[in-house]
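None of these values were measured; they are calculated from a predicted model. When reading the values below, keep in mind they use all heavy atoms of this one structure, side chains included, and skip hydrogens, waters and symmetry mates.
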Amino acid sequence: MMLKKKIWPWVLYLAYVSMVLYLCFGKFSSIPNVQSSYFGIPTDKCVHFIMFAPFTVLTYLCLNIKKGGVGKTLLVALCLIILGALLGAACEWGQSLTTYRSGDVKDLIADALGLLSGALLVVIIDRIRK
């Protein structure tokens with residue numbers, strides 16, 4: 001039973017990262033028509049926000065940090081934001097190397113906003129757990 005509690009966050013995390021990589025590097029020949037923007041924000045940027053928001057929460061759950069105060073939580077959240085931003089930058093750089101995708105700095109901004117919102121959830125989750 002204890003082993004299941006330690007494994008499920010990692011399984012979910014690996015599935016999540018795999019999905020993000022698939023969405024970033026998949027070659028999609030037919031995509032259904034969707035709205036070009038939501039509340040004036042391009043749909044692509046909304047997707048990037050949604051893709052990266054879970055990163056900090058899922059990574060934090062995998063780390064299973066149980067001790068420490070709010071300062072430690074904020075430091076961990078900041079490190080996770082940086083780690084997620086590196087993943088986002090690597091994806092954008094990788095996309096710029098393909099013939100069917102392009103890198104976009106604005107995608108990095110949307111990624112960062114998603115990471116920040118996830119970090120806020122990490123702090124809230126941590127405060128509730130303690």
Side-chain angles (χ1 to χ4, degrees):
M1 185 69 165
M2 187 61 116
L3 186 59
K4 285 183 182 178
K5 286 184 179 182
K6 291 181 180 181
I7 290 177
W8 78 263
W10 287 100
V11 171
L12 183 61
Y13 183 75
L14 290 174
Y16 162 75
V17 171
S18 298
M19 185 233 18
V20 167
L21 292 173
Y22 174 72
L23 290 173
C24 286
F25 292 103
K27 192 172 185 179
F28 305 107
S29 58
S30 61
I31 299 174
N33 289 334
V34 295
Q35 241 177 280
S36 62
S37 67
Y38 293 96
F39 305 107
I41 302 169
T43 302
D44 175 46
K45 306 315 173 224
C46 294
V47 169
H48 275 268
F49 177 90
I50 292 167
M51 278 190 337
F52 279 82
F55 180 85
T56 46
V57 175
L58 293 175
T59 309
Y60 180 79
L61 291 174
C62 287
L63 295 175
N64 197 22
I65 298 170
K66 294 185 181 190
K67 293 184 180 180
V70 71
K72 182 178 180 181
T73 303
L74 291 172
L75 181 61
V76 169
L78 177 63
C79 290
L80 296 179
I81 289 169
I82 292 167
L83 183 63
L86 290 172
L87 174 64
C91 287
E92 291 303 317
W93 177 72
Q95 286 178 348
S96 71
L97 299 176
T98 66
T99 58
Y100 56 94
R101 293 286 181 118
S102 63
D104 184 359
V105 174
K106 291 178 184 174
D107 287 347
L108 289 175
I109 295 168
D111 297 346
L113 291 172
L115 291 164
L116 285 170
S117 68
L120 178 61
L121 282 174
V122 162
V123 172
I124 291 168
I125 289 168
D126 185 71
R127 294 295 94 202
I128 290 170
R129 286 173 70 189
K130 294 178 181 172

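Hydrophobic cluster membership is shared by Leu21 and Tyr16, with clusters built from Ile, Leu, Val, Met, Phe, Trp and Tyr side chains linked at under 4.5 angstrom. Leu23 and Leu108 are members of different hydrophobic clusters when ILVMFWY side chains are connected at heavy-atom separations under 4.5 Å. Linking ILVMFWY residues whenever their side-chain heavy atoms come closer than 4.5 Å, directly or via other members, leaves Tyr38 and Val47 in distinct clusters.
The closest side-chain heavy-atom distance from Pro9 to Asn64 is not below 4.5 Å. At a threshold of 4.5 Å between non-hydrogen side-chain atoms, the residues Thr98 and Lys27 do not count as touching. No side-chain heavy atom of Tyr22 sits under 4.5 Å from any side-chain heavy atom of Met19.
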Requested in this report: Go through Leu80 and Leu63 one step at a time and tell me if the side-chain contact (heavy atoms from CB on, under 4.5 Å) criterion holds.
Outcome: CA-CA 11 Å; Leu80 296 179; Leu63 295 175; 4.2 Å; yes
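A donor-acceptor contact shorter than 3.5 Å links the side chain of Arg101 to the backbone of Gly26. Counting only distance, with no hydrogens or angles, the side chain of Tyr100 and the backbone of Phe25 share a donor-acceptor pair below 3.5 Å. When atom types are taken as modelled, the side chain of Gln95 and the backbone of Cys24 share a donor-acceptor pair closer than 3.5 angstrom.
Taking each heavy atom of Tyr13 and Phe55 in turn, the nearest pair found is OH-CE1, 3.4 Å. In plain terms, the two heavy atoms of Gly84 and Phe52 that are nearest each other are O-CE2, 3.8 Å.
Residues that satisfy the side-chain contact (heavy atoms from CB on, under 4.5 Å) test with Leu78, not counting sequence neighbours, are Ile82.
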Cut-off 3.5 Å, no hydrogens considered: what does the side-chain donor-acceptor table look like for residues 109-124, sequence neighbours left out?
unit_1	atom_1	unit_2	atom_2	d
Asp111	OD1	His48	ND1	2.8
Ser117	OG	Gly114	O	2.8

Validation: residues 39-46 side-chain donor-acceptor distances under 3.5 Å, sequence neighbours left out:
unit_1	atom_1	unit_2	atom_2	d
Thr43	OG1	Gln35	O	2.3
Thr43	OG1	Ser36	O	3.2
Thr43	OG1	Ser37	N	3.4
Lys45	NZ	Asp104	OD2	2.7
Lys45	NZ	Asp107	OD1	2.7

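Rounded to the nearest 0.5 Å, atoms CG (Asp126) and OG1 (Thr73) are 3.0 Å apart. If you take CD1 on Ile125 and CG on Leu61, they are separated by 5.5 Å, rounding to the nearest 0.5 Å.
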